[in-house]
Amino acid sequence: MKINQRHAWPSTVEEAIPIQQQLAGEVITCDQLGAVQHVAGVDVGFEENGTITRAAVAVLSFPQLELKEYAIANRPTTFPYIPGFLSFREVPTVIDALEKLTLTPDLILCDGQGIAHPRRFGIACHLGVLIDFPTIGVAKSLLIGKHETLPDARGSWKPLIDQSETIGAILRTRTGVKPIYISSGHRISLPTAIDYVMQCTPKYRLPETTRWADKIASKRGKWP
DNA sequence: GCGACAG
DNA sequence: ATCTTGTCGC
């Protein structure tokens, strides 16, 4: 897929903050997506002591969830890991990987938060706004927000609240297993995001999309 | 000032 | 994120 560059990538928090504040105003949390036939999952890893960033994208058919295509990209790492600024470290390489795809997915599940972020602009929002695509933030741990006790059953969820605002949800994708955190990235509402995440997570804690991306990015497996 | 802190 | 083996449980 073809992607247009929207802004240069900064290397400091001072430069990153105004970019987040500006682009956060472009985030859409209403459903603006068509029929979903392909869902993509993204995963990022690091090599050479963190100096190289590696991104993998997996495209699956929906709702069958069968792997249809994948792509990998590498880049020198140019931004340190600072909570609240993850996208500046990972998105450039993710975009490189997305550009290599032949298939164009209808929805992308990102590793990390969407609007469940201090400035309502987590990695899923950043990627979504830059490429103007529907994205969902799927995080394995909490960045900000509070929530009530979560029941043990698969499918149960509770809103994530920050400053008396609902910014996402804590969701149990598997009975008795540690929950995950969902939030709108771009062009999708929270209820719809939860619905798609559940449909992409029929068996394990994490969506099949991210599991495939993980597997592909992993140095062990070889994918001809 | 003291914690908390996506990956 | 990454460094790493076996092990407990469904």
Side-chain angles (χ1 to χ4, degrees), chain A residues 9 11 13 16-17 19-20 23-24 27 41-58 72-97 108-130 135-147 152-154 159-163 167-186 190 193 197 202-207 209-221:
Chain A
W9 290 102
S11 54
V13 167
I17 289 179
I19 293 175
Q20 290 186 324
L23 295 182
V27 172
V42 176
D43 181 58
V44 175
F46 298 88
E47 300 169 357
E48 308 298 318
N49 297 311
T51 58
I52 301 295
T53 302
R54 160 179 37 72
V57 190
I72 301 176
N74 291 291
R75 267 207 188 202
T77 304
T78 58
F79 204 99
Y81 170 65
I82 300 171
F85 298 88
L86 180 67
S87 60
F88 293 91
R89 178 173 169 83
E90 305 191 342
V91 169
T93 314
V94 168
I95 288 179
D96 283 349
I108 301 175
L109 306 201
C110 303
D111 241 334
Q113 316 290 345
I115 62 171
H117 177 281
R119 287 166 296 284
R120 307 295 185 260
F121 199 66
I123 188 168
C125 300
H126 203 154
L127 178 65
V129 167
L130 288 191
T135 58
I136 298 174
V138 180
K140 296 182 289 296
S141 60
L142 185 64
L143 176 57
I144 60 161
K146 290 174 298 189
H147 61 81
D152 233 20
R154 163 181 158 86
L160 257 186
I161 309 291
D162 179 56
Q163 310 277 137
I167 57 173
I170 174 170
L171 171 69
R172 187 90 66 184
T173 51
R174 234 196 130 170
T175 300
V177 171
K178 186 180 180 191
I180 60 179
Y181 304 82
I182 308 303
S183 54
S184 301
H186 188 49
L190 181 59
V197 168
K203 187 166 186 197
Y204 302 101
R205 177 166 88 117
L206 300 175
T209 43
T210 36
R211 285 171 49 79
W212 268 111
D214 267 352
K215 199 168 186 174
I216 291 163
S218 166
K219 257 196 155 186
R220 314 190 164 183

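Lettering of chains follows the sequences in order, A, B, ..., and the numbering in each one begins at 1. Because the structure is predicted, anything quoted here is derived from the model rather than measured.
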Query raised in the report: A/Y81 has an atom OH; how far is it from atom P of B/dA6, in whole Å?
Result: 4 Å
Query raised in the report: When you check the phosphate oxygens OP1 and OP2 of B/dC5, does a side-chain N or O of A/S141 lie under 4.0 Å from one of them?
Result: no
Query - Nearest-Å distance for atom pair CD/P, residues A/E48 and C/dT2 - result: 13 Å
Query raised in the report: Any side-chain N or O of A/K140 under 4.0 Å from OP1/OP2 of B/dA6?
Result: no
Query raised in the report: Are side-chain heavy atoms of A/I108 and A/V42 found at a separation under 4.5 Å?
Result: yes
Query raised in the report: Within this structure, what is the CD1-to-C1' distance between A/I170 and B/dA6, rounded to whole angstrom?
Result: 14 Å
**Report entry** Value in whole Å for how far the P atom of B/dC5 lies from CG of A/L143
**Finding:** 9 Å
Query - Between B/dA6 (C1') and A/F79 (CZ): distance, integer Å - result: 14 Å
**Report entry** Between C1' of B/dC5 and CD1 of A/I144, the distance in whole Å
**Finding:** 11 Å
Query raised in the report: Which part of the nucleic acid does A/I123 contact within heavy-atom distance under 4.0 Å: base, sugar-phosphate only, or nothing?
Result: base
Query raised in the report: Are A/K215 and A/D43 within salt-bridge range, i.e. N to O under 4.0 Å?
Result: no
**Report entry** Whole-Å gap separating P (B/dG7) and CZ (A/F85)
**Finding:** 17 Å
Query - Heavy-atom side-chain proximity of A/L160 to A/S183 below 4.5 angstrom - result: no
**Report entry** Spacing of A/K146 atom NZ relative to B/dA4 atom P, expressed in whole Å
**Finding:** 15 Å
